[in-house]
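None of the values given here were measured: they were computed from a predicted structure. The chains referred to below are lettered A, B, ... by the order of the sequence lines, with proteins before strands, and numbering in each begins at 1.
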Number of protein chains: 2
Amino acid sequence: MTDMDAYERLIKTFTPRDDLSSDDIALLRSMPLRIATYGKGEEIIAQDSEVSESCLMMTGWTGRAVYLESGKRQITALHIAGDFVDLHGFTLKYMDHSVVALTATQVAFVRHDELKKITHVSPHLTRLFWMLTTIDGAVQRTTIASLGRRPALERLGHLLCELDCRLSVVGLAQDHRYDVPLVQEELADILGLSVVHMNRTIQDLRKAGLVTWQGSRIVIHDFGKLTQFSGFDPRYLNFIKRER
Amino acid sequence: MTDMDAYERLIKTFTPRDDLSSDDIALLRSMPLRIATYGKGEEIIAQDSEVSESCLMMTGWTGRAVYLESGKRQITALHIAGDFVDLHGFTLKYMDHSVVALTATQVAFVRHDELKKITHVSPHLTRLFWMLTTIDGAVQRTTIASLGRRPALERLGHLLCELDCRLSVVGLAQDHRYDVPLVQEELADILGLSVVHMNRTIQDLRKAGLVTWQGSRIVIHDFGKLTQFSGFDPRYLNFIKRER
DNA sequence: CGAGCTTTTGAAGAACGTCAAGAGTTGTGG
DNA sequence: CCACAACTCTTGACGTTCTTCAAAAGCTCG
């Protein structure tokens, strides 16, 4: 994990969803990448800015944050290793949100002119990059359903199930155990709750015996039970290999 | 409006965001379309199904509905003329939500093999189709921010501002007047509220003097005031012409 | 050890949901 | 054209969920 290079990281983002040809891989490897690091709390991309490159997560956690006029903040998405945080910037240019490093973070930037080149030479890779943005949309729809129709406890349970799946795929969770290096205020901004209610909801989840949660370490005791309780169905994550 | 053909409709979806060359237009016109109509309440695409075509809205209103185990429903997006409701199905195939006709509806289906062909022959059109799905993502992020951090009244105000903008572009709103052919239960499912609270929120909005709302007819008295009140910033809709 | 951050607790209130019923509207069949 | 059924909107009463304010307790790091 530690010494995985950025190209391998990128390749491993695609392979759970479709096979890559050796030409595909060679083309990916031909793209220049710019590695950058950020400290905890740093802003990687500013809300309302215009972008000409997009960033792939190597290590750490980032979030997409929307700051409202009221001073409130909503984190609309959480990103971990292998996620292309702002690939939508390739077609939009305008950033409707900021990207913040929630932990120390290493990312690899790809210039948009390189992505544009790919749309000219590889329809298949183009569709795969496109797919990454539509999977992102699927995750967002699930978030909308959670925020709109699930009470706090189920919302939290659903998030933990999603993180379990996503972290497992990149080797950051085993046996339904993983670290969530976020403070409760950040979790509250993800789940649309106040910090106080976030804290009480976590305690409720503990009391329900569904998870052990000490510091940043989370252990899900009965994953099936948690998925059922929170209405989690992993299919929206599209971890399925098919021709795309 | 009434006798606009499906190709014109499609072209008009792109042109507010980027210019099309005559080759682009010819290519779009070469795609076979299948026109279909649906009655109010009919399901156009079933949740959890696999799709091999995507549909462009010609007339009417549709919504993306997620049905939860609890029996609750969340409408994650609203679609009107010119919207490509399930273009993400091209890269995902799996539908994590259903598409329902909220009014009588006419749509044009495009087969995915035709879209695939486009990825082989037109990088530019490919990026434009891709853009439609990323704009969709931007709208979803705004929805997440609304559901997570805005109280009911502002949430409703924000929705009305968004609809005003989107309907105006396709000629279905003038002078901040338009029709919303939805019952309050549907609005509640969009805004994540109960029907009763939806009703009271609409009444609050009326009392605040911000809109007149009789039957399906909505008149926004002071659009600037409403945008300010609800924190609406239209930039996320990406109605800006630029090279994509 | 102390400052600053994070978690936790209590108490009070606001926002929103649920239940139940009445009023208004629309559509349909006789 | 009327009557009735079904749907939609509205209102009231009450309960629950969640927020806000305030402060205490625990943790971390220099």
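Put simply, CZ on R9(B) and CZ on F84(B) are 12.0 Å apart, with the number rounded to the nearest 0.5 Å. Between I144(B) atom CD1 and R141(A) atom CZ the span is 10.5 Å, to the nearest 0.5 Å.
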Every protein N/O lying under 3.5 Å from an N/O of nucleotides 13-22 of chain D:
{"residue": "dA13(D)", "atom": "N6", "partner": "R200(B)", "partner atom": "NH1", "Å": "3.4"}
{"residue": "dC18(D)", "atom": "OP1", "partner": "A152(A)", "partner atom": "N", "Å": "3.1"}
{"residue": "dC18(D)", "atom": "OP2", "partner": "H197(A)", "partner atom": "NE2", "Å": "3.0"}
{"residue": "dC18(D)", "atom": "O5'", "partner": "H197(A)", "partner atom": "NE2", "Å": "3.4"}
{"residue": "dT19(D)", "atom": "OP1", "partner": "S194(A)", "partner atom": "N", "Å": "3.2"}
{"residue": "dT19(D)", "atom": "OP2", "partner": "S194(A)", "partner atom": "N", "Å": "2.9"}
{"residue": "dT19(D)", "atom": "OP2", "partner": "S194(A)", "partner atom": "OG", "Å": "2.9"}

Protein-nucleotides 22-29 of chain C N/O pairs under 3.5 Å:
none

Can you name the atoms? Protein N/O to nucleotides 23-30 of chain D N/O, anything below 3.5 Å, with the distance.
none

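With hydrogens and angles ignored, the 3.5 Å screen pairs a side-chain donor or acceptor of R155(A) with a backbone N or O of R150(A). For the pair E43(A) (side chain) and V99(A) (backbone), a donor-acceptor distance under 3.5 Å is absent.
The list of salt bridge (Lys or Arg N to Asp or Glu O under 4.0 Å) pairs with a residue in residues 46-67 of chain B, not counting sequence neighbours, reads R235(A)-D48(B), R242(A)-E50(B), R34(B)-E53(B), R64(B)-D136(B). Pairs passing the salt bridge (Lys or Arg N to Asp or Glu O under 4.0 Å) check and including a residue from residues 174-187 of chain B, sequence neighbours excluded, read D179(B)-R217(B). For residues 159-168 of chain B, the pairs satisfying salt bridge (Lys or Arg N to Asp or Glu O under 4.0 Å) are D83(B)-R166(B), E162(B)-R166(B), with sequence neighbours left out.
Look at CD on Q214(B): it is 14 Å from P on dC9(D), rounded to the nearest Å. Distance, E185(B) CD to dT10(D) C1': 15 Å, rounded to whole Å. Summarising the geometry, the separation between CG on L147(B) and P on dC16(C) is reported as 12 Å, rounded to the nearest angstrom. Protein atom CG of L102(B) is 12 Å distant from nucleotide atom P of dT8(D), rounded to whole Å.
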- [ ] Apply the test side-chain hydrogen bond (donor to acceptor under 3.5 Å, both in side chains) to residues H221(B) and T212(B): give CA-CA distance (whole Å), side-chain angles for both, the deciding distance (0.1 Å), then the verdict.
- [x] CA-CA 7 Å; H221(B) 299 136; T212(B) 300; 2.5 Å; yes
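With respect to R149(B) and E154(B), no salt bridge is recorded, no charged nitrogen being found less than 4.0 Å from a carboxylate O.
For the residue pair C55(B) and D86(B), the shortest heavy atom distance occurs at N-OD1, 2.7 Å.
The stretch residues 202-211 of chain B comes close to DNA chain D through Q203(B), R206(B), each having a heavy atom under 4.0 Å from the strand. Listed by residue number, the members of residues 177-184 of chain B with any heavy atom below 4.0 angstrom from DNA chain D are V183(B), Q184(B).
Classified by interplanar angle (parallel below 30°, tilted 30° to 60°, perpendicular above 60°), the ring pair H158(A)/F232(A) is perpendicular.
In terms of phosphate contacts, N199(B) brings a side-chain nitrogen or oxygen within less than 4.0 Å of OP1 or OP2 of dT10(D).
Looking at residues two or more places apart in sequence or on another chain, you find a side-chain contact (heavy atoms from CB on, under 4.5 Å) between T103(A) and W61(A), T105(A), P181(A). Residues forming a ring pair (Phe, Tyr, Trp, His ring centres under 6.0 Å) with H79(A) (at least two apart in sequence, or on another chain): none. Checked against ring pair (Phe, Tyr, Trp, His ring centres under 6.0 Å), F90(A) has the following partners two or more places apart in sequence or in another chain: H112(A), W130(B). For the ring pair (Phe, Tyr, Trp, His ring centres under 6.0 Å) test, residues two or more places apart in sequence or in another chain that qualify with F223(A) are H176(A).
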